[in-house]
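By convention in this document, chain letters (A, B, ...) are assigned in the order of the sequence lines, proteins followed by strands, and residues within each chain are numbered from 1.
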Amino acid sequence: MPGGSGGGGGGHGGGCSISSNSGNQQSSISIVWFRRDLRLEDNPALAAGVRSGDVVAVFIWAPEEEGAYYPGRVSRWWLSQSLHHLDSSLRSLGTPLITKRSLDTASTLIDIVKATGASNLFFNHLYDPLSLVRDHRLKELLIAEGITVRSFNADLLYEPWEVNDENHCPFTTFAPFWNKCLSMPYDPAAPLLPPKRISSGNVSRCPSDTLVFEDESERASNALLARAWSPGWRNADKALMAFVNGPLIEYSVNRKKADSTTTSLLSPHLHFGEVSVRKVFHLVRMKQLVWSNEGNKAGEESVNLFLKSIGLREYSRYFSFNHPCSHERPLLAHLRFFPWVVDESYFKAWRQGRTGYPLVDAGMRELWATGWLHDRIRVVVSSFFVKVLQLPWRWGMKYFWDTLLDADLESDALGWQYISGTLPDGRDFDRIDNPQFEGYKFDPNGEYVRRWLPELARLPTEWIHHPWDAPESVLQAAGIELGSNYPLPIIEIAAAKTRLQEALAEMWQLEAASRAAMENGTEEGLGDSSDVPPIDFPRETEMEIDHERQLELPRINNTTVRRHADQMVPSMTITSSLVRADEEVFVDVDNAAADSRPEVPSTVDFESQPQREVAQAGVQPVANNITPQFTQNRLLNALNSTAESTSTWTEREGGVVPVWSPPAASSRSEHCPDDDDPGIGSNSYLQRHSQSHQMMNWRQLSPSMRSWEVENTVQPNAIG
DNA sequence: CATGTTTTCCG
DNA sequence: GGAAAACAT
């Protein structure tokens, strides 16, 4: 094995636990670095800080480090609210939250160390590719400064490296993974209680920066979010309790509904770590026990289903950890050859909810207006995106990232790969779901469509999910003129099916050609050139949106260079100006507000929706240089700073820490570190080519790691 | 009640 | 597309 391993400073646990200045553990000062674990309850890093003495609680805002994945507007709104909440609760226990604006997290942390005299740094693990690399590097830097660094699992039931199949290999499909999680020999760690009080480190020389999460143009839209959501860990806990004691029991019977009233609505809370997934798990399992004793079949079923969705979140981290480029490249190798349709007008129609398929359009408008979508509808719109429009899934993923309140890189990457059929257990590649049928399945009475597509509000249920079949007289009576008032289907499903067949044929052809080229040793030619280049998110995206919304939105002036693709959400005004009151299209807002559970606003003014094609050929020039490539380069640069081509594990106090070093830097710097990953073949490909199908990931690069695993069955979260 | 037929459900 | 479940005969 190539020696050294990145964890040079680490070695064994003892090596890095040498505290500097204070001999007395009791009085040492710890930095507790909050990231996506914005809670006081069941927060192992915070608990460790409190236990070892004085605490300096820190949040660092360094969005530039996120590259292409600068958080979207609604996501930033949530973050700002959540931080505010965290700050107040920390203060009530005795210490403030220090917030810092930074371009380089590591050096900011070192500055804080110097300003406060801290000797420990505690934080909880993250599993997205950027964090894996950054946190590892940062850990080494701080250790080199003489700081004790410990990190913990606060986000998962089990760390990714704990869950393996009988051959000690990571699972490549969800079902066995989740079965294994549910039958582990030890339970997930029990949730920790919040500290009773926190002794504050001296932060007088460490002032907070004021963090700015929204600009003027965003304020109005953001104000409306507060109507529907309450960020913050205390509120997350309330939401959890409300769900577990309420809708959970009906979860299984309600899963055919498109509306949000029966979902947990926990995902944004979970994304920011406002609630511990282990707490969710334990609570839900208690319920399961009770219902199982009562012989409540439906209740048990509900719990299993709900836990499965928790499992998917868990799996998304697992997946990201094992395949650090999962947000950028398909897992199945042959998918690299799929000829995606790079058509920005399709993309635009999809974003605007003007595809001509009511269920899809309703979903896209809900997403646009509220930052929220029921999981079912996410599947509908994304599957339409990939299978019917055949747009590159990464565009869709990026749009979700920009618009969803619970945007989550790992979950969304998994979701889009699942939909795109790029996972071994993903959806069938060649079958297209028909939005018309799904419409009658998830929205049998058309209520959902009518709520979000006022222009179809008067169409009878019989035609609501396929207006193109409706007789002219019916359309007239409903005030619909297809093609002007509401679009005709952007693509016929039948046409989409044949087009998909053709595309797949082409994909297999290219794949075969590439493989042949490889075998002839002429991989230069086809192998390289047909490697899917990173797909740039269309440049004008954010601009178009601005233009189209300009009537009602205060907008950033044209010359401003937006550093990120973002959405501007139309104002949601409580109005009946557009739709007559007697039509009952809109839910009474007061009633909605009276509900104690957070609810998506149900009233929207769609006056702003463009009613005719926006004739706009001129694409605004915009410097949107933040593309996925940018991320890749960043990742690679970070990786290149550690020289060894090996990966290994390092056990440190407070946790097992993944240490990730890349394969030796290749000359193809534009590629992902795991670019040589052959991915997994389809079944047929797999049989033909049994060697190359293995999931090559960085874990397999290191034989040393294997032996480590065998020797150590440490529970990483066991602290104290 | 067994058997054939249609529908539903897939992570 | 194939298994399981619901439905029909």
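For the OP1/OP2 pair of dC9(B) and a distance below 4.0 Å, the side-chain nitrogens and oxygens of K256(A) include at least one atom meeting the criterion.
Between the side-chain ring of Y418(A) and the base of dG11(B), a stacking contact exists by the 5.5 Å and 30° definition.
In this structure, R376(A) atom CZ and dT8(B) atom P are separated by 14 Å, rounded to whole Å. When the C1' atom of dC10(B) is taken as reference, atom CD1 of I432(A) falls 18 Å away, rounded to whole Å. As rounded to whole Å, 16 Å separates atom P of dC9(B) from atom CG of N304(A). If you take NZ of K441(A) and P of dC10(B), they are 9 Å apart, rounded to a whole angstrom. Atom CD of E301(A) is separated from atom C1' of dT8(B) by 14 Å (rounded to the nearest Å). One atom, CZ of F174(A), and another, C1' of dC9(B), lie 16 Å apart when rounded to the nearest Å. The nearest whole Å value for the distance from the CG atom in L414(A) to the P atom in dG11(B) is 12 Å. If you take CZ of R427(A) and C1' of dC10(B), they are 8 Å apart, rounded to a whole angstrom.
Nucleic acid contact for D433(A): none, since no nucleic acid atom lies under 4.0 Å from a heavy atom of the residue. Within the nucleic acid shown, G426(A) has no heavy atom closer than 4.0 Å to any nucleic acid atom.
Under 4.0 Å is where a charged nitrogen must lie from a carboxylate oxygen, and between D443(A) and R376(A) no such pair does. Note on R378(A) versus D375(A): no salt bridge recorded, every NZ/NE/NH1/NH2 to OD/OE distance being 4.0 Å or above.
Note on ring orientation: taking the six-membered ring where Trp is involved, the planes of F338(A) and W340(A) are tilted (angle from 30° to 60°). Under the 30°/60° scheme for interplanar angles, the aromatic rings of Y69(A) and W401(A) are found to stand perpendicular.
For dG1(C), its base sits under 3.5 Å from the side chain of R431(A) at one donor and acceptor pair at least.
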